[in-house]
Number of protein chains: 2
Amino acid sequence: MADVARRAGVSMATASRALSNHPHVASQTRARVLAAAEQLSYVISPEASRLAGGVTGRVAVVVPHIARWFFATLLEGLEWVLRDAGLDVLLYHVGDATDRRDFFQRLPARRKVDAVVVVGMPIRDEERDRLELMGVHIVAAGGQVENYPYVAIDDLSAGRQAVDHLLFLRHRRIGMIAAVDPAEPGWPATPGRTLAYTAALAEAGLPADPDLVVTVPWGGLSGADAMSRLLSLRDPPTAVYAHSDEVALGAIRTLRRAGLRIPEDMSVIGIDDHPMAELADLTTIAQPVHDQGRLAGRLLLSLLAGEPGGGGVTVPTHLVVRGSTAPPRV
Amino acid sequence: MADVARRAGVSMATASRALSNHPHVASQTRARVLAAAEQLSYVISPEASRLAGGVTGRVAVVVPHIARWFFATLLEGLEWVLRDAGLDVLLYHVGDATDRRDFFQRLPARRKVDAVVVVGMPIRDEERDRLELMGVHIVAAGGQVENYPYVAIDDLSAGRQAVDHLLFLRHRRIGMIAAVDPAEPGWPATPGRTLAYTAALAEAGLPADPDLVVTVPWGGLSGADAMSRLLSLRDPPTAVYAHSDEVALGAIRTLRRAGLRIPEDMSVIGIDDHPMAELADLTTIAQPVHDQGRLAGRLLLSLLAGEPGGGGVTVPTHLVVRGSTAPPRV
DNA sequence: CAAAGGATTGGAAGCGTTTCCGAGCACGCA
DNA sequence: TGCGTGCTCGGAAACGCTTCCAATCCTTTG
């Protein structure tokens, strides 16, 4: 930068002001500095800038899965907004429980970012305490985390939409394939989707048959297994509600292999509106995943701008009727 | 850090050495410093550290798509290795052509990283020139880029495996659905996969019928459209080779809607071994995507360690036979 | 037993910006 | 014409660490 200043015939102070777009710099001077910088193809050193300035211009994004459609898509939306605002995205993947413990213990992002976005992972109390240590803004996306500003769908409502649709079609024996995070067994990632099922059945005056509920780790193959279990019942359901489209697609494979027709012999509904759902003609509850990322990004930006930034945003979901659901055969 | 040094009763120089694991520090002293740091819950300021030290401890990863399975999975493997090595991952998504131009023009990662990994995107000459300006190591993953160390599959060979399998099954009229990047129309992302088709047919002494080749932007729905086009031919193929599994899955949807049976009426083969391929019982050429990310990470690490690091790594692909291919009906 | 050599430590000079504090200056108003 | 005001701009002090250079001390060898 000294070179630039010299070439422009100004002091470093002025050069700095001109380059970082500060006021109180004569436009002519600014032009001269910018020209000099251009000629020397000079770019500011972020390290030094941050050291002196205080902010880092970076945001940490913490995701439990990268390769899954939901997370990757949300990340895409988020990155889009943040990059647009000139912020850099530091990606942290916390896969299994070990990773996770390690992440919250070591806090590798500490002092490296101005804010943290946790994507689709419930945060435990002790983890929240660790996170607080970073002393930066925190936003949750794709899954509510109490006490943090969040952007998410209402899982309970989404689940209700799915089950209510099956009930509306006059299904009376409805199975559920509940998906849990493989990395966190026993810890329902989306309790709302389970609650929705029991609540909807209860409201419809239907008995709660535990045989109709199968809980499996998330994933297509798990869904296939779960469907096998349901088909092995003495009195199988006429419709199945899966916690996610991937699981539902797995279930469909089993049904197809069993020679059952969809939807004539069995209705299937999922949640997400995964791109594959369209290809597989799967009825589902759509959620705006990309938007959730974008909104979380905006929420974060307003927080960084010092605006109050309310509690959270719940984005709507809606039923997408395709060919995998129909009234049961009488 | 001054606080830590004071508390440990040493100079800042020693504190720095102890904290950054340098040699020539008495183990007792080191322990004292670490304890002091622990008590003050002190973490080093990366900015200051980088400023003084020179390296940034960060790697830029440039991807043209985040949400697609291939890219996200590769990224997952890559992140895993880099994080393990204590490097932070700075994610840059360059989506459409505008993004792309902007990225190479502005080089937002400049001076922020020690290395760059470009994932699955061919780099043009002028783009390479810009990249060189960053003056850091560059590695390509999931798609060869001449002049850079790379990790990738051999598209030509993968394509040959696919088409040869269909030929082996005695198909003589084989269609191809070629996928191009929607963001870069007219620029074949994987020319090798196309070359493989023409070469294999030529070797088998089969005529090259341009009607049998349909080129569409990447994606499931495009694949569905492409299949429709093939089905509308006066003399449709008996087997279809798709450049990727997603496209193949789209093709399958069309076949199913048309009431055709797979593989009896039409064989379909893809490339990738996407998780959905297993669910859809799709024969495919599997490539180790996660591994490509990991290997690229290792390659980068060895480069950063100053090792020579040869030209590139080609990872093998292999045929996975499932239920979507069979000999043609006679 | 003395000198050489290696381990350990401290002092201090950067690393490249930002920003506070003033100084210089032109302009407008009384 | 004299003086206050608001821009511009330069000097220099941080920002928090790393590392070169010496100095000190302990150990080993002739």
Side-chain angles (χ1 to χ4, degrees), chain A residues 1-37 40-58 86 88 107-114 134-136, chain B residues 1-38 40-58 86 88 107-114 134-136 304:
Chain A
M1 176 153 177
D3 292 341
V4 173
R6 199 172 318 119
R7 191 185 186 100
V10 298
S11 72
M12 278 195 43
T14 304
S16 170
R17 277 187 286 254
L19 289 169
S20 41
N21 231 19
H22 268 269
H24 300 308
V25 179
S27 58
Q28 196 186 0
T29 311
R30 182 187 309 274
R32 206 144 27 89
V33 173
L34 292 181
L40 296 171
S41 91
Y42 161 87
V43 269
I44 225 160
S45 155
E47 316 300 341
S49 173
R50 304 330 186 188
L51 214 208
V55 296
T56 68
R58 273 174 242 131
D88 285 317
L107 290 178
R110 202 169 166 192
R111 293 192 84 177
K112 292 180 187 167
V113 297
D114 298 331
M134 294 182 60
V136 297
Chain B
M1 178 150 177
D3 292 341
V4 173
R6 200 173 314 122
R7 190 184 187 102
V10 299
S11 72
M12 278 195 44
T14 305
S16 170
R17 278 187 285 253
L19 289 170
S20 41
N21 232 17
H22 269 268
H24 299 308
V25 179
S27 58
Q28 197 184 1
T29 312
R30 184 188 307 273
R32 208 144 25 90
V33 173
L34 293 181
E38 174 71 22
L40 295 171
S41 91
Y42 162 89
V43 270
I44 226 161
S45 154
E47 316 301 340
S49 174
R50 304 331 186 186
L51 214 208
V55 297
T56 68
R58 273 174 242 131
D88 285 316
L107 291 179
R110 201 168 168 192
R111 295 250 248 167
K112 292 180 187 167
V113 296
D114 298 331
M134 294 181 60
V136 298
L304 286 175

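So you know, we letter chains A, B, ... as the sequences are listed, proteins then strands, and number each from 1. We use all heavy atoms of the structure for the numbers below, so side chains are in, but hydrogens, waters and symmetry mates are not.
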Side-chain touch [X]/[Y], heavy atoms, less than 4.5 angstrom:
{"X": "B:V113", "Y": "B:M134", "value": "yes"}
{"X": "B:T29", "Y": "B:V10", "value": "yes"}
{"X": "B:S41", "Y": "A:R110", "value": "yes"}
{"X": "A:K112", "Y": "A:R58", "value": "yes"}
{"X": "A:T56", "Y": "A:D114", "value": "yes"}

Of the nucleotides [options], which has the atom closest to the [X] side chain?
{"X": "B:A13", "options": "C:dC15, D:dT18, C:dG10", "result": "C:dG10"}
{"X": "B:H22", "options": "C:dA7, D:dT19, C:dT18", "result": "D:dT19"}
{"X": "A:S49", "options": "C:dT18, D:dC17, D:dG10", "result": "C:dT18"}
{"X": "A:I44", "options": "C:dT9, C:dT18, D:dG16", "result": "C:dT18"}
{"X": "A:A52", "options": "D:dC17, C:dT18, D:dC9", "result": "C:dT18"}

Measure the distance from [atom1] on [X] to [atom2] on [N] and round it to the nearest whole Å.
{"X": "A:N21", "N": "C:dT18", "atom1": "CG", "atom2": "P", "result": "12 Å"}
{"X": "B:Q28", "N": "D:dC26", "atom1": "CD", "atom2": "P", "result": "13 Å"}
{"X": "A:E47", "N": "C:dT18", "atom1": "CD", "atom2": "C1'", "result": "15 Å"}
{"X": "B:R110", "N": "C:dG16", "atom1": "CZ", "atom2": "P", "result": "15 Å"}
{"X": "B:R32", "N": "C:dT8", "atom1": "CZ", "atom2": "C1'", "result": "12 Å"}
{"X": "A:H24", "N": "D:dG6", "atom1": "NE2", "atom2": "C1'", "result": "8 Å"}
{"X": "B:K112", "N": "C:dG16", "atom1": "NZ", "atom2": "P", "result": "18 Å"}
{"X": "B:M12", "N": "D:dA14", "atom1": "CE", "atom2": "C1'", "result": "13 Å"}

Under 4.0 angstrom between [X] side-chain N/O and [N] OP1 or OP2:
{"X": "B:S16", "N": "D:dG16", "answer": "no"}
{"X": "A:S20", "N": "C:dT17", "answer": "no"}
{"X": "B:S45", "N": "D:dC17", "answer": "no"}
{"X": "A:S11", "N": "D:dC9", "answer": "no"}

By the 4.0 Å heavy-atom rule, please label B:R111 as base, sugar-phosphate, or nothing. sugar-phosphate
C:dG10 base / B:R17 side chain donor-acceptor hit below 3.5 Å: yes
Quick check: on DNA chain C, is the nucleotide nearest B:P23 upstream (toward 5') of the one nearest B:L51, or the reverse? Name the residue that is more 5'. B:P23
